[in-house]
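Positions are given from 1, in the same order as the sequence printed here. We count ligands from 1, going down the list as the structure has it; atoms in each ligand are counted the same way.
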Amino acid sequence: MLGARQVAPDTTCLESYFPLPGLGMLPVNAFVIAAQQPVLVDTGLSMLRDDFLAALAETIDPSTLRWIWLSHMDADHLGNLQQILDLAPEAKIVTNFLGMGKMALREFDLSRVHLLEPGATLDAGDRELFPVKPAYYDAPETIGFVDTRTRVLFSADAFGALMQAPAEEAAAIRPEALRDGLTTWAAIDAPWLGVANPEAFGRALAGIRRFDPTAIISGHLPVAIGMTDRLLETLSGAVGRGTPAAPDHDSIEQLMARDAA
Ligand SMILES: [Fe+2]
Ligand SMILES: [Fe+2]
């Protein structure tokens, strides 16, 4: 299942859900920013390629894309990168030094890279995308951003949540379910939060609060409008609680059989 929906000014979400045995589902989102120089943020899942490319084409003529902002090099963020590069010959990939190195390992054409140097912003014509290091992440090259025109904050993997059913907005998820989904996914995706210093993590969260975003868009959460304090407060409780135990082989088989039934 994959669809395109405007979730904030100038911001369209290409949304899908990835099932996880026994845990529910994880949203997997990419975004189109309708800037003067249009930006695609991440490139979706390869197994949903046809649907992803159709949803993209429904949103924008891919050949007009000027930038592909890659939050990081995990498979759920660059699944359709080569196809987009072929469809968008003018587009440059925005990443940093480490991201570029990982692209070289995967044999992408590095002449298509626009290296975002430390302290630099991306000029998209009518706005800038100001790079933001999310409060937590699962790959060191990760870069989110604040859109200086809309003050929408893209948080990459941060604020991702496991869910039991799709939702159009994070605010539509039952509060306890959202809290559990956020903290469980954070513990799985960033297990170092289990041993992180709560004060240091609190400072990282406060850094997000200072941007005072109008909305938070995440690779793994429906759009969160006016929920910044709630998300930050929930996540502040996710540190220092140890790391979760992963299911063993037998229990994974049981969970997959149950989900398939
Ligand atoms: Fe990731
Ligand atoms: Fe991810």
Quick one: ring-ring contact (aromatic ring centres under 6.0 Å, His included) partners of His72, sequence neighbours excluded? His77
What residues, two or more places apart in sequence or in another chain, satisfy side chain to side chain donor-acceptor pair (under 3.5 Å) together with Arg127? Asp10, Asp147
For Glu58, side chain to side chain donor-acceptor pair (under 3.5 Å) partners two or more places apart: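 Residues passing side chain to side chain donor-acceptor pair (under 3.5 Å) with Glu58: none at all.
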Given 3.5 Å as the limit, does a donor-acceptor pair link the side chain of Lys92 with the main chain of Ser111, or not? yes
Short question: side chain of Asn80, backbone of Thr43 - any donor-acceptor pair under 3.5 Å?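 Yes; judged by distance alone, with no hydrogens or angles, the pair exists.
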Identify which protein N/O/S atoms are less than 2.8 Å from the Fe ion (ligand 2). Asp76 OD2, His77 NE2, Asp157 OD1, His220 NE2
Step by step, work out the ring pair (Phe, Tyr, Trp, His ring centres under 6.0 Å) result for Phe145 and Phe130. CA-CA 5 Å; Phe145 61 77; Phe130 181 86; over 10 Å; no
